[in-house]
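Taking it in order: structure first as structure tokens, then the write-up.
Computation of the quantities below employed the complete heavy-atom set of this structure, encompassing side-chain atoms and omitting hydrogens, waters and symmetry-equivalent molecules.
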Amino acid sequence: YVIKVIAQTIQLLYTMLKIDQPSYILLQNPPGLPSIAVAWIACLFWRSKLIIDWHNYGYTIMSMNLGRNHLLVQIAKWYEKLFGRLSDYNLCVTNAMKEDLWVNCNIKAVTMYDKPASYFKETPLELQHRLYMKLSILRKSCFCSTESVGWKAERSAFTEVDEKNGHVIKTRGRPALLISSTSWTASVYLSILNSFLSSPDYEQYINEGIKLPSLVCVITGKGPLKDYYNGLINKLHFKHIQICTPWLEAEDYPLLLGSADLGVCLHKSSSGLDLPMKVVDMFGCSLPVCAVYFECLHELVKHDENGLIFRDSNELAEQLKMLFLGFPTLEGKLHNFRKNLRASKQLRWDESWDQTVLPLFGPFSECCPCTLK
């Protein structure tokens, strides 16, 4: 840790002192060790303003591996609070963090919620079909069998081309597409995933005659625990649930979110004060979400309005049963959640920036807004 911090301090300070003089230095935290101190020194040198964008606390992430009482964690906590107070302006991602910064660090911040980029939106049916056909070819284990005998006979697990008019339509009796994005790390509540994968609850519901669809569960992302969970998944022999863990190309991820029927979020904040960006992106695609509970999640997921909040795998299974009962249907909670998301007309990232952050820069923002973006 010490050698790494010293090396990064020298590299970062050397780089920042070589740039053209900035009016502002905008720093995202975490990571903040050593970047907060280095940015502050650079601001002194350049006579610039320092703005810290608080997305979480670095010391809480460190504590997940070392424990909250570890000496290095306590030093990191002291450092973050000390140098955080030296900033000129502060942004944060939740009102809960805004309050915590003020009460525990005497730092006054402005809340700017994360917002989705403009390319996170519902995917047209024709694009959905192309995506399914592409993924069926590249990742055959991820989706049900696909036939391709000329354009008119193209069929995926979810869509097909109508032979009469050549239009793409949803396949009758199609499975529901559930998507979850994870970094496969300790910050993700993987014990719930483990319990859900080991639980036969959803399968039992179908076997008992409850009208539920088969599930295709796509879990995207990569991380240190991915191989371990792939091993567990390979040992499963579900009849009505198919699970795959692809690494998607960057342009395919928003398309898949915009094609899915339900998103599941297993992220739990290390501090309890930040919100999962993956849910923000899902909401940008008007995709309802089931998310695991933590303290400030209500600032994003409104239970029974745009999604549901669960605490364990049993509750998740019950929620899936309720949401997918009679699927596909234009009635019920799942459809209502999507309607509410469509009607919310939430701000996009650039609009949120212009509304919340740009005024902090005063007259400079009026003459040069593009520089600040």
* Asked: How about F158 and P175: do any of their side-chain heavy atoms sit closer than 4.5 Å?
  -> yes
* Which pairs count as salt bridge (Lys or Arg N to Asp or Glu O under 4.0 Å) when at least one residue sits in residues 77-103, sequence neighbours excluded? -> none
* Structure fact -> Between L323 and C290, the two heavy atoms sitting closest are CD1-SG, 3.7 Å
* Would you sort out whether V357 and I51 count as a side-chain contact (heavy atoms from CB on, under 4.5 Å), showing the intermediate values? => CA-CA 10 Å; V357 181; I51 305 171; over 6 Å; no
* **Any side-chain heavy-atom pair of M112 and C92 under 4.5 Å** => no
* Structure fact -> Rounded to the nearest 0.5 Å, the NE2 atom of H55 sits from the CD atom of Q28 at a distance of 4.0 Å
* To do: Give a yes or no on this: more than 12 heavy atoms of other residues, nucleotides or ligands lie within 6.0 Å of atom CD of E331.
  => no
* Asked: For T111, which residues count as a side-chain hydrogen bond (donor to acceptor under 3.5 Å, both in side chains) partner, sequence neighbours excluded?
  -> N95
* Asked: Judged by atom type as modelled, is there a donor-acceptor pair below 3.5 Å linking the side chain of Q319 to the main-chain atoms of I309?
  -> yes
* Asked: Which residue pairs pass the salt bridge (Lys or Arg N to Asp or Glu O under 4.0 Å) test with at least one member in residues 282-308, sequence neighbours excluded?
  -> D304-K333
* Hey, quick one: are V110 and L347 part of the same hydrophobic cluster, counting side-chain heavy atoms closer than 4.5 Å, chains of contacts allowed? -> no
* Answer yes if V161 and I169 sit in the same cluster of Ile, Leu, Val, Met, Phe, Trp and Tyr residues linked by side chain heavy atoms under 4.5 Å apart, and no otherwise. => no
* Partner residues of I19 under the side chain to side chain contact (heavy atoms under 4.5 Å, CB included) criterion, sequence neighbours left out -> P22, W46
* Which ring pair (Phe, Tyr, Trp, His ring centres under 6.0 Å) pairs, counting each pair once, include a residue from residues 278-299, with sequence neighbours left out? -> none
* Determine yes or no for a side-chain-to-main-chain donor-acceptor pair under 3.5 angstrom, with R348 supplying the side chain and G284 the backbone. => yes
* Go through S270 and N56 one step at a time and tell me if the side chain to side chain donor-acceptor pair (under 3.5 Å) criterion holds. => CA-CA 8 Å; S270 62; N56 202 348; 3.1 Å; yes
* State, yes or no, whether a side-chain contact exists between T245 and N230 at a heavy-atom distance under 4.5 Å. => yes
* Check side chain to side chain contact (heavy atoms under 4.5 Å, CB included) between E122 and all other residues, then give those that pass, not counting sequence neighbours. => S286, R338, R342
* To do: State plainly whether one hydrophobic cluster holds both V2 and I10, where clusters connect Ile, Leu, Val, Met, Phe, Trp and Tyr through side-chain heavy atoms under 4.5 angstrom apart.
  => yes
* Indicate the atoms forming the closest heavy-atom contact of G221 with K226, along with that distance. => O-NZ, 3.0 Å
* **Sequence neighbours excluded, every pair satisfying salt bridge (Lys or Arg N to Asp or Glu O under 4.0 Å) that has a member inside residues 168-178** => R174-D261
* Determine whether P276 and L297 make a side-chain contact, defined as any pair of heavy atoms from C-beta on separated by less than 4.5 Å. => yes
* Asked: L131 versus L127: any side-chain heavy-atom pair under 4.5 Å?
  -> no
* Asked: Can you name the closest pair of heavy atoms from A157 and T171 and give their distance?
  -> O-CB, 4.0 Å
* Partners of E160 by salt bridge (Lys or Arg N to Asp or Glu O under 4.0 Å), sequence neighbours excluded? -> R155
* Crowded around N165 CG? As in, over 12 foreign heavy atoms under 6.0 Å? -> yes
* Structure fact -> Closest heavy-atom pair, A96 versus C296, reported as atoms and distance to 0.1 Å, is CB-CB, 3.8 Å
* Asked: Where do N207 and H240 come nearest, in terms of heavy atoms and distance?
  -> OD1-NE2, 3.7 Å
* Does any non-hydrogen side-chain atom of W54 lie less than 4.5 Å from one of V93? -> no
* Start with the C-alpha distance between N314 and D201, add both sets of side-chain angles, then the distance that settles side-chain contact (heavy atoms from CB on, under 4.5 Å), and finish with yes or no. => CA-CA 8 Å; N314 293 330; D201 287 352; 3.4 Å; yes
* Audit row: Y132, L177, side-chain contact (heavy atoms from CB on, under 4.5 Å) steps and yes/no -> CA-CA 11 Å; Y132 296 145; L177 178 56; 3.8 Å; yes
* What pairs with T9 under side chain to side chain contact (heavy atoms under 4.5 Å, CB included), at least two apart in sequence or on another chain? -> V5, P34, V38
* Asked: Can you find a pair of side-chain heavy atoms, one from P246 and one from V218, that are under 4.5 Å apart?
  -> yes
* Does S87 use its side chain to pair, donor to acceptor, with the backbone of L50 at less than 3.5 Å? -> no
* Asked: Rounded to the nearest 0.5 Å, what separation is found between the CG atom of L334 and the CG atom of L325?
  -> 11.5 Å
* Any sub-3.5 Å donor-acceptor pair from S156's side-chain atoms to M133's backbone N or O? -> no
* Should the ring pair Y205 and Y202 be called parallel, tilted or perpendicular, given that the plane angle runs from 0 to 90° and is split at 30 and 60? -> perpendicular
* To do: Can you spot which of H129, Q128, E126 makes a side-chain hydrogen bond (donor to acceptor under 3.5 Å, both in side chains) with T159?
  => H129
* Asked: If you measure from CD on E318 to NZ on K321, what distance do you get to the nearest 0.5 Å?
  -> 5.0 Å
* Mind checking the NE2-CD spacing from H237 to E203? Nearest 0.5 Å is all I need. => 12.0 Å
* To do: For side-chain contact (heavy atoms from CB on, under 4.5 Å), just list the numbers for T220 and I179, CA-CA rounded to whole Å, side-chain angles, deciding distance to a tenth of an Å, and then say yes or no.
  => CA-CA 8 Å; T220 69; I179 186 166; 4.2 Å; yes
* Listed partners of R68 passing side chain to side chain contact (heavy atoms under 4.5 Å, CB included), at least two apart -> Y59, T60, S63
* Asked: Could you give the distance from CE (M97) to CG (L273), rounded to the nearest 0.5 Å?
  -> 5.0 Å
* Provide the full list of ring pair (Phe, Tyr, Trp, His ring centres under 6.0 Å) pairs with a residue in residues 310-337, sequence neighbours left out, each pair given once. => F324-F327
* To do: Of all the heavy-atom pairs spanning G67 and V73, show the shortest one and how long it is.
  => O-CG2, 3.3 Å
* To do: Flag the pair V289 / L300 as yes when at least one side-chain heavy-atom distance between them is below 4.5 Å, and no otherwise.
  => no
* Same apolar cluster: L212 and L262, side chain cutoff 4.5 Å -> yes
* Do the rings of Y253 and F120 sit parallel, tilted or perpendicular, given the 30° and 60° boundaries? -> perpendicular
* To do: Drop me the distance from S35's OG to L27's CG, to the nearest 0.5 angstrom.
  => 4.5 Å
* **Co-membership, hydrophobic cluster, residues W78 and L86, 4.5 Å side-chain** => yes
* Asked: Can you name the ring pair (Phe, Tyr, Trp, His ring centres under 6.0 Å) partners of Y79, sequence neighbours left out?
  -> F83
* May I ask you to decide whether K134 forms a salt bridge with E249, counting only side-chain N to carboxylate O separations under 4.0 Å? => yes
